[in-house]
Amino acid sequence: QVQVEESGGGLVQGGESLRLSCKASGSSFSTNVVAWYRQAPGKQREWVGQINGGGSTYYANSAKGRFTISRDNAKSTVYLQMNSLKPEDTAVYYCQVQYWGQDYWGQGTQVTVSS
């Protein structure tokens, strides 16, 4: 029922910024927990951060101070603003929407940061 689509990835140089978008369906989007994950080749999926229905955000240590998660409920969209990008941020970034006890994932968007 819920469809999730990430966008905004690309190739950037170290120190530059990207804003990823997570567009999700669902009439109760405003109450959903939305999380961002990333996965680099050969590595396990890593939790980046999340935002709950009340707007509270939580971040992994690797993201603190550089990444910001926000949401626009009118657009059913959650954003991941990534600043001061580093080569180690290179990964496929995934959006996860929690809804009615189910986890819904997008297809992922590639972020590549050159040195």
Side-chain angles (χ1 to χ4, degrees):
Q1 184 70 23
V2 176
Q3 295 183 351
V4 181
E5 182 178 5
E6 305 97 335
S7 62
L11 173 64
V12 298
Q13 291 185 315
E16 295 184 343
S17 299
L18 281 174
R19 189 178 74 163
L20 306 184
S21 297
C22 173
K23 176 71 174 180
S25 66
S27 60
S28 298
F29 180 80
S30 64
T31 65
N32 297 144
V33 173
V34 179
W36 286 95
Y37 289 81
R38 66 187 183 186
Q39 187 168 26
K43 295 185 178 180
Q44 291 292 312
R45 185 177 58 192
E46 176 188 20
W47 177 78
V48 175
Q50 64 190 64
I51 186 167
N52 68 15
S56 297
T57 54
Y58 308 87
Y59 301 96
N61 287 334
S62 60
K64 289 179 181 177
R66 299 188 300 124
F67 294 4
T68 302
I69 300 171
S70 61
R71 66 194 304 162
D72 185 341
N73 291 328
K75 297 181 178 180
S76 295
T77 301
V78 167
Y79 303 99
L80 177 63
Q81 178 68 45
M82 304 188 294
N83 298 326
S84 302
L85 283 164
K86 306 173 182 178
E88 50 262 47
D89 295 318
T90 296
V92 177
Y93 284 71
Y94 297 94
C95 178
Q96 179 205 58
V97 177
Q98 299 175 23
Y99 185 68
W100 279 94
Q102 301 283 349
D103 295 335
Y104 298 87
W105 296 86
Q107 80 288 348
T109 186
Q110 177 71 48
V111 173
T112 302
V113 185
S114 63
S115 60

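These figures come from a predicted structure and were not determined experimentally. Below, all heavy atoms of this structure are taken into account, side chains as well, without hydrogens, waters or symmetry copies.
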Under 3.5 Å, side-chain donor or acceptor atoms of residues 17-24 against the rest of the protein: list the pairs with distances, not counting sequence neighbours.
{"from": "Ser17", "atom 1": "OG", "to": "Asn83", "atom 2": "OD1", "distance (Å)": "2.9"}
{"from": "Lys23", "atom 1": "NZ", "to": "Lys75", "atom 2": "O", "distance (Å)": "2.4"}

| query | Would you say Trp100 and Val2 make side-chain contact, with heavy atoms under 4.5 Å? | reply | no

| query | What distance do Thr57 atom OG1 and Leu80 atom CG have between them, rounded to the nearest 0.5 Å? | reply | 11.0 Å

| field | Pair listing, salt bridge (charged side-chain N to carboxylate O under 4.0 Å, His left out) test, anchored in residues 97-111, at least two apart | value | none

| request: Any chance you could lay out the side-chain contact (heavy atoms from CB on, under 4.5 Å) test for Val78 and Arg71, step after step, and finish with the verdict? | output: CA-CA 4 Å; Val78 167; Arg71 66 194 304 162; 3.7 Å; yes

| side-chain contact (heavy atoms from CB on, under 4.5 Å) involving Ser56 - partner list, sequence neighbours excluded | Asn52, Tyr58

| request: Calculate, to the nearest 0.5 Å, the distance between atoms CD and CD belonging to Gln3 and Gln107 respectively. | output: 11.0 Å

| Same cluster (ILVMFWY, side-chain, under 4.5 Å), Val34 and Tyr99 | yes

| said: Could you see if Ile69 belongs to whatever hydrophobic cluster contains Val92? Use Ile, Leu, Val, Met, Phe, Trp, Tyr and a side-chain cutoff under 4.5 Å. | reply: no

| Among the clusters formed by ILVMFWY side chains lying less than 4.5 Å apart, do Met82 and Tyr37 turn up in the same one? | no

| query | Could you give all pairs that pass the disulfide bond (SG atoms under 2.5 Å apart) test and reach residues 44-74, with sequence neighbours left out? | reply | none

| message | With side chain to side chain donor-acceptor pair (under 3.5 Å) as the rule and sequence neighbours excluded, what pairs involving residues 86-95 come up? | response | Arg38-Asp89, Arg38-Tyr93, Arg66-Asp89

| Would Tyr79 end up clustered with Trp36 when hydrophobic side chains under 4.5 Å apart are linked, directly or stepwise? | no

| If you round to the nearest 0.5 Å, how far is CD of Glu5 from OG of Ser25? | 11.0 Å

| Residues that Trp47 engages under side-chain hydrogen bond (donor to acceptor under 3.5 Å, both in side chains), provided they are two or more places apart | Gln50

| request: Taking all heavy atoms of Glu6 and all of Cys95, pick out the closest pair and write down the distance. | output: OE2-N, 2.6 Å

